[in-house]
Number of protein chains: 2
Amino acid sequence: MKSTTKKKSLNPEDWELATLDVIAHEGVGAVAVEPLAKALGVTKGSFYWHFANREDLIQSALKRWRSDDQMLIKQRIFSLDDPHERLKAWFFLSAEPSQSHLVYATLLADRKHGFVAKVLKEVTLERLSYLQKAYQETGMSESDAKQQSLLAYSVYVGYLHMAKTLHGKLKESENIQNYVHYVANQLLP
Amino acid sequence: MKSTTKKKSLNPEDWELATLDVIAHEGVGAVAVEPLAKALGVTKGSFYWHFANREDLIQSALKRWRSDDQMLIKQRIFSLDDPHERLKAWFFLSAEPSQSHLVYATLLADRKHGFVAKVLKEVTLERLSYLQKAYQETGMSESDAKQQSLLAYSVYVGYLHMAKTLHGKLKESENIQNYVHYVANQLLP
DNA sequence: CAATTTCCATACGCTTGCGTATTGACATTT
DNA sequence: AAATGTCAATACGCAAGCGTATGGAAATTG
């Protein structure tokens, strides 16, 4: 994370966005007030004006992340009428590179912060219920839809990590497109 | 991690096993010499007798993890002749709780240590090639086997995280068995 | 214009943890 | 018995980072 141009005056959003950037690349544990301040071109005096402490900052950042992510999913996916199209849009969205996915991936691995586990669980259950609903609308029984949504979601989570782990062995554009089509074929009823 | 009974004298294996326990539960970044020493009932003087530094310890611990895991996979899965049985064994093994899975999950999230990325990639590629080989032996084309093994592996990785994230909502034994059967049905040719 | 508010810099004390140096205790070898 | 090797304890200096306190600068309000 590079130092930004010194800005006239910072607001809480500036801090939160910088925090999400750290979380995306290094996880919640790497969020540190002083290096963040340095990156933003200030010292920590102003940080403590805006936030009670480090955890307050992280919670605010995650709240923002969650809200933005919900909005994106609603616009891109759950505005579609046809459940098949919705599921397809999910597969394509889930394979797109984005900071949101990176943040989500690091939250998945967090073992130390109860508030992280809480946000993670809520976001995950919400997404799963959207997927289950879509599968049910295609005609699946409730119990099959439940298993299938869990499976499809596991594929998303797995893909998040595979893309990073096998960087350079997965990243050819045609391979990604092929894979997504393959997955959609396997997981769409 | 609790303090163990004070042992007469520690060997490198003691340190490595304690380190894997920390990695499993909190990730590589949480490995710290002094708390480890405390947990083992000694002070860090003897740590530095056995290991050059913290990284040396972590690398040794990961080397042990990798070696044990390879052995387990070979015994439980790749000793089977029938590729269908092998794949089924993989699905069941991958859903079993184990420290090895926990370690693997935290390695997946590590963004800070090049040597971790290296081990992770090697382990992952090795497992993928085993899976691909098994799918091919069931009669799949090479390119389908490749995609299918990536998909099946993504499901494993996804499941690792879902089990933790949705703790208490996934952990009923019948649900796990149902899920594994469901997955096997979907992903076995 | 003075008072208040907002944002910010800096000093301080504390904690955690690292690696190095030194010394001690015990076991093994010569 | 002396020398050597193994394991371990402790002190030390350093760094990173946290939160608190204090004072300053700029903007806004009355």
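Throughout, a chain's letter reflects where its sequence line sits, starting with A, and its residues are numbered from 1. Side-chain atoms are counted along with the backbone in the values below, which use heavy atoms only and exclude waters and symmetry mates.
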What residues form a side chain to side chain donor-acceptor pair (under 3.5 Å) with A:Arg111, not counting sequence neighbours?
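So A:Arg111 forms no side chain to side chain donor-acceptor pair (under 3.5 Å) with any residue.
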B:Trp90: what forms a side chain to side chain donor-acceptor pair (under 3.5 Å) with it, not counting sequence neighbours?
none
Whole angstrom is fine here: how far is it from [atom1] in [X] over to [atom2] in [N]?
X	N	atom1	atom2	value
A:Leu57	D:dG17	CG	P	15 Å
A:Leu40	C:dA9	CG	C1'	15 Å
B:Glu34	C:dC18	CD	P	6 Å
B:Lys38	D:dA8	NZ	C1'	18 Å
B:Asp14	D:dC7	CG	P	11 Å
B:Asn53	C:dG17	CG	P	17 Å
B:Arg54	D:dC14	CZ	C1'	17 Å
A:Asn11	D:dA26	CG	P	20 Å

Looking at A:Arg76 and A:Glu96, is there a salt bridge between them, counting it only when a charged N and a carboxylate O are closer than 4.0 Å?
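Salt bridge flag = yes for A:Arg76 with A:Glu96.
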Return no unless some side-chain N or O of A:Ser9 is found under 4.0 Å from OP1 or OP2 of D:dA26.
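For A:Ser9, the contact criterion (side-chain N or O under 4.0 Å from OP1 or OP2 of D:dA26) is not met.
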Which of residues 43-52 of chain B have a heavy atom under 4.0 Å from DNA chain D?
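By residue number: B:Thr43, B:Lys44, B:Gly45, B:Ser46, B:Trp49, B:His50.
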Parallel, tilted or perpendicular: which describes the rings of A:His161 and B:His161, with under 30° parallel and over 60° perpendicular?
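Plane angle under 30°, so parallel.
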May I ask you to establish whether A:Arg127 and A:Tyr104 are in a cation-pi arrangement, using a distance under 6.0 Å from NZ or CZ to the six-membered ring centre and at most 45° from the ring axis?
yes
Residue pair A:Gln148 / B:Gln186, side-chain donor-acceptor N/O under 3.5 Å:
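Side chains of A:Gln148 and B:Gln186: pair found under 3.5 Å.
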